[in-house]
There are 2 protein chains.
Amino acid sequence: MINQKLPRYVQVYARLKKQIESHSYKVGEFLPPEPELEKIFHVSRTTVRKAVEMLSQEGLVYIQQGRGTEVLNVTPTQKLQYVTSFSETLKEQGFQVHYRDIEAVLIPSPIDVAEMLQIQPGKPVVRLDRVAIVHDKPLALLTNYLLEDMVPNFVNTIKKMKSLYEFLESEYNLVFDSANDFITAKPAPKDESSILGVPDGYPLLQVRRISFIKTRPVEFVLLRIIGNKYEYFVHTKERPPKL
Amino acid sequence: MINQKLPRYVQVYARLKKQIESHSYKVGEFLPPEPELEKIFHVSRTTVRKAVEMLSQEGLVYIQQGRGTEVLNVTPTQKLQYVTSFSETLKEQGFQVHYRDIEAVLIPSPIDVAEMLQIQPGKPVVRLDRVAIVHDKPLALLTNYLLEDMVPNFVNTIKKMKSLYEFLESEYNLVFDSANDFITAKPAPKDESSILGVPDGYPLLQVRRISFIKTRPVEFVLLRIIGNKYEYFVHTKERPPKL
DNA sequence: AAGTGGTCTAGACCACGAA
DNA sequence: TCGTGGTCTAGACCACTTA
């Protein structure tokens with residue numbers, strides 16, 4: 001076993017997940033009842049329940065009191081409720097992305113960016129501009145602002161990079177814990193439309209993202225995607241209990 | 001107590017939430033440690049932890065091993081990670097919405113709708129069209145498709161209705177458990193632009209929603225919102241463990 | 001070293017769904 | 001009625017943060 005140090009409930013979760021994805025447990029069937037799972041994995045009820053709960057959170061199973069835990073069909077778009085980068089999302093959907101016209105500069109933070117990142121205006125940030133290319137055509141413009149002290153010497157090291165988030169993790173050991181996205185539609189201004197190769201005023205899907213490490217905002221992203229070429233997927237869950 | 005029948009962890013959750021929202025526990029402060037909470041509420045550790053976990057899921061607190069559980073600042077936009085209707089979302093943000101040109105018809109399901117709802121094409125569905133009005137101006141077009149057998153006699157009963165979801169709950173005892181949204185930007189076609197009062201081809205934020213009860217799709221919604229007049233908010237969380 | 005949250009157990013009883 | 005998942009307890013030990 002590679003993951004000897006992982007908590008038991010994670011191990012149970014992983015093994016169940018593998019069996020679901022390999023169709024050892026087929027869609028529409030039920031998982032073994034919890035007392036069975038206790039015996040199978042030699043763990044307590046609590047541990048079993050936490051593992052199954054994780055599967056449920058991911059949308060892999062549907063738990064019903066009195067009936068059992070049903071295996072659901074996993075659509076590939078279903079997994080995107082976690083913090084992922086634009087390029088990872090596209091890769092999931094089978095598109096090869098690369099970036100052109102990459103440019104990184106160290107600048108004093110503009111007011112709006114400073115506000116988003118909850119820092120003093122003028123505090124240095126790295127601004128990274130890129131054009132996302134899919135099938136040899138521009139799909140989107142990306143502008144990232146990163147706190148300079150989180151990514152020292154960033155500007156000189158980024159020349160080739162497939163995914164920013166993978167780069168940040170490998171080079172700086174930075175992983176975002178959560179993110180807030182604000183999505184809207186807007187007409188493409190002249191400079192953006194010319195780069196993207198669409199008519200002036202063409203609809204763009206604009207995403208403003210603030211990324212957090214613990215509770216601290218460390219990145220602000222402005223994404224402008226050609227409308228009708230990309231869909232943003234969101235899964236929403238049941239409400240919290242009414243009181 | 002009104003909620004005598006609720007599980008204890010929900011009661012603990014509710015009381016903690018109330019204290020956070022009334023600033024009895026201030027932003028940046030820490031909740032009492034879990035052993036303290038056990039004593040305060042006279043419950044076991046498990047129960048305390050489940051309650052705190054719920055607060056964390058809602059983004060009200062940030063739990064840190066070895067440090068404590070920190071109270072976070074709650075922005076009003078932060079609560080929208082649950083299934084809500086368009087009008088409820090707008091109301092949260094302080095906008096008064098009402099609907100005009102409400103029209104409901106019983107029709108055989110078109111192919112694309114049938115596909116979304118996983119039913120036979122032609123199976124009867126209720127189609128509901130509305131124009132959402134804010135500040136006396138059109139903001140969005142809404143088209144809902146509902147399985148006919150879920151909402152018998154719907155067409156004759158909807159004349160006045162503030163929120164469809166509230167209506168469905170009170171009249172038919174229908175509450176959606178989850179929903180999938182697909183968001184994109186598209187140019188307004190002629191018929192839609194004239195109703196919305198925007199130029200032909202103006203950017204619209206389009207949301208396609210499939211709503212579920214248990215695992216069964218029961219509603220398909222097509223939302224077309226005037227770009228730049230509305231922001232769709234999404235909070236994404238940490239990833240599941242790497243295996 | 002002390003105190004926090006994280007994991008885990010064994011066992012009990014309750015609530016719901018199907019037969 | 002029986003078997004399922006849901007709630008809850010008391011207690012133990014581990015892992016992390018801070019001092």
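Below, chain A is the first sequence line, B the second, and so on; all start at residue 1.
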- Under 6.0 Å between ring centres, would you say that holds for A:Tyr165 and A:Phe176? yes
- Query: What does A:Thr47 touch in the nucleic acid at a heavy-atom separation under 4.0 angstrom: a base, only the sugar-phosphate, or nothing?
  - Reply: sugar-phosphate
Enumerate the protein-to-nucleotides 15-19 of chain C contacts in which both atoms are nitrogen or oxygen and the separation is below 3.5 Å.
from: C:dA15; atom 1: N3; to: A:Gln65; atom 2: OE1; distance (Å): 2.9
from: C:dC16; atom 1: O4'; to: A:Gln65; atom 2: OE1; distance (Å): 2.9

- If you look at every strand shown and take non-hydrogen atoms under 4.0 Å, does A:Arg45 touch a base, only sugar-phosphate, or nothing? base
- Task: Report which part of the nucleic acid A:Phe30 touches: base, sugar-phosphate, or nothing (heavy-atom distance under 4.0 Å, all strands).
- Result: nothing
- Task: Measure across B:Pro121 and B:Ala114 and return the closest heavy-atom pair with its distance rounded to 0.1 Å.
- Result: CA-CB, 3.5 Å
- Message: Quick check on DNA chain C: between A:Ser44 and B:Arg49, whose nearest nucleotide comes earlier from the 5' end?
- Response: B:Arg49
- Message: If you take the centroid of each ring, where Trp contributes its six-membered ring, are A:Tyr232 and B:Tyr232 closer together than 6.0 Å?
- Response: no
- Item | Verdict with supporting geometry, A:Lys17 and A:Glu58, salt bridge (Lys or Arg N to Asp or Glu O under 4.0 Å) | CA-CA 10 Å; A:Lys17 183 174 179 177; A:Glu58 256 185 275; 3.1 Å; yes
- Query: With sugar-phosphate meaning primed atoms plus P, OP1 and OP2, does A:Val52 contact a base, only sugar-phosphate, or nothing at under 4.0 Å between heavy atoms?
  - Reply: nothing
- Output every pair passing salt bridge (charged side-chain N to carboxylate O under 4.0 Å, His left out) with a member in residues 36-46 of chain A, not counting sequence neighbours, ordered by first then second residue. A:Glu34-A:Arg45
- How would you give the extent of chain B contacts on DNA chain D, as first and last nucleotide 5' to 3' within a 4.0 Å heavy-atom cut-off? D:dT7 to D:dT18
- salt bridge (Lys or Arg N to Asp or Glu O under 4.0 Å) evaluation trace for A:Glu231 with B:Arg208: CA-CA 10 Å; A:Glu231 284 202 320; B:Arg208 285 159 48 237; 2.4 Å; yes
- Pairwise side-chain contact, B:Asn144 with B:Phe220, heavy-atom cut-off 4.5 Å (strictly under): no
- Message: Can you classify the ring geometry of A:Phe182 versus B:Phe233 as parallel (below 30°), tilted (30 to 60°) or perpendicular (above 60°)?
- Response: tilted
- Task: Check the distance between C:dT4's C1' and B:Tyr62's OH and give it to me in whole angstrom.
- Result: 14 Å
- Item | Closest-nucleotide 5' rank along DNA chain C - winner of A:Val43 and B:Gln64 | B:Gln64
